[in-house]
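Report on the structure given below.
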Amino acid sequence: MIQKDIIINGSTKIYGLIGNPVSHTLSPTIHNTTAKIFGHNIAYIPLHVENDNLQKAIEGAYALNIQGLNVTVPYKTQVMKYLYALDKTAETVGAVNTLKYTDNGYVGYNTDYTGLKRVFGIRNISFNNKTVVILGAGGAAYAVAAMAADFSPNKIIIVNRTLENSLKLISHMKRFYDVKIEAMDYNELDSIDEKQIVIQTTSIGLKSDDENSPIKKDSFFKNVDVALDIIYKKGKTRFLQQAEKAECTCIDGFDMLVYQGLDAYEIWQQIKIDSDIAQKILESVKI
Ligand code: ATR
């Protein structure tokens, strides 16, 4: 077991997570545990930002010399306009979850994308001849769509409550990827005949007492091979309970959460975290 306590002094560099809500987050544990392993003098804290305060929060964090921030719901796309520059991953994904302090302002990266790619890569999941169904069209869905396109599936289908947001995501994807991608309504889901990989990216189920799922009919899972919910919380989300009942391969958001954190840590500290240490961190932060 790795000790998780940190000592803060005058040289401690501050990092954090901005979002609303942030109370459920495991990111401080991931980063402070990693800092402990490497002996880095950093502290990583959750920073709740109210919906109208994003610009002030970014400017304030920069003025306070905060060296890096992760960004979560609902700011992953909104935050982009307050940044000095975007790294290639953030530009092609079209969303940002990691900010790095530079002399000119924050630079945005997307480690949801790299972290999720690691999750599918490590598990050797094949996208050949499969349709990828993405539930939701918010910031997280952008990273998921870009990741899915890299694995060359047959088709990507975006399913979202607000069609306009699906169309925005599709138009972004068409600028950067040569992939078949279309929008669909929740009530048309049963019409998909092909084998599917389904990735749940909405905020439904995020709160500990939220027992809802974006999928209303369990019959939807009949052609689903793999179901991934990017949410991670104690106990399974309703979406994964439905998928498990239908005997799909189920993956929760834990590994993605840790890998996106470790990828952000690598960017901030300019180090490489090898797979043994990554595994040790995964085991030590599991709740
Ligand atoms: P993030 O940037 O972190 O992904 P977001 O942009 O707020 O967060 O996106 C949240 C996603 O969850 C959106 O796709 C949202 O759907 P809308 O585009 O229709 O707003 C989806 N979402 C949130 N609550 C939902 C609900 N009750 N039912 C269906 N979709 C929901």
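Indexing begins at 1, ligand by ligand and atom by atom, following the structure's order.
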Geometric class of the Phe38/His40 ring pair [parallel <30°, tilted 30-60°, perpendicular >60°]: parallel
Going by atom types alone, do Asn223 and Asp193 pair a side-chain donor with an acceptor below 3.5 Å? no
Which of Thr89, Thr114, Asn110, Asn70 passes side-chain hydrogen bond (donor to acceptor under 3.5 Å, both in side chains) with Thr98? It is Asn70
Just jot down the ring-ring contact (aromatic ring centres under 6.0 Å, His included) partners of Tyr44, sequence neighbours excluded, or say none. His31
Pair Arg123, Asp255 - check salt bridge (Lys or Arg N to Asp or Glu O under 4.0 Å), show working. CA-CA 11 Å; Arg123 287 168 191 257; Asp255 288 8; 3.5 Å; yes
Neighbouring protein residues of ligand 1 - any heavy atom closer than 4.0 Å: Val73, Pro74, Lys76, Gly136, Ala137, Gly138, Gly139, Ala140, Asn160, Arg161, Thr162, Asn165, Thr202, Ser203, Ile204
Should the pair Tyr15 and Trp268 be assigned to parallel (<30°), tilted (30 to 60°) or perpendicular (>60°) ring geometry? tilted
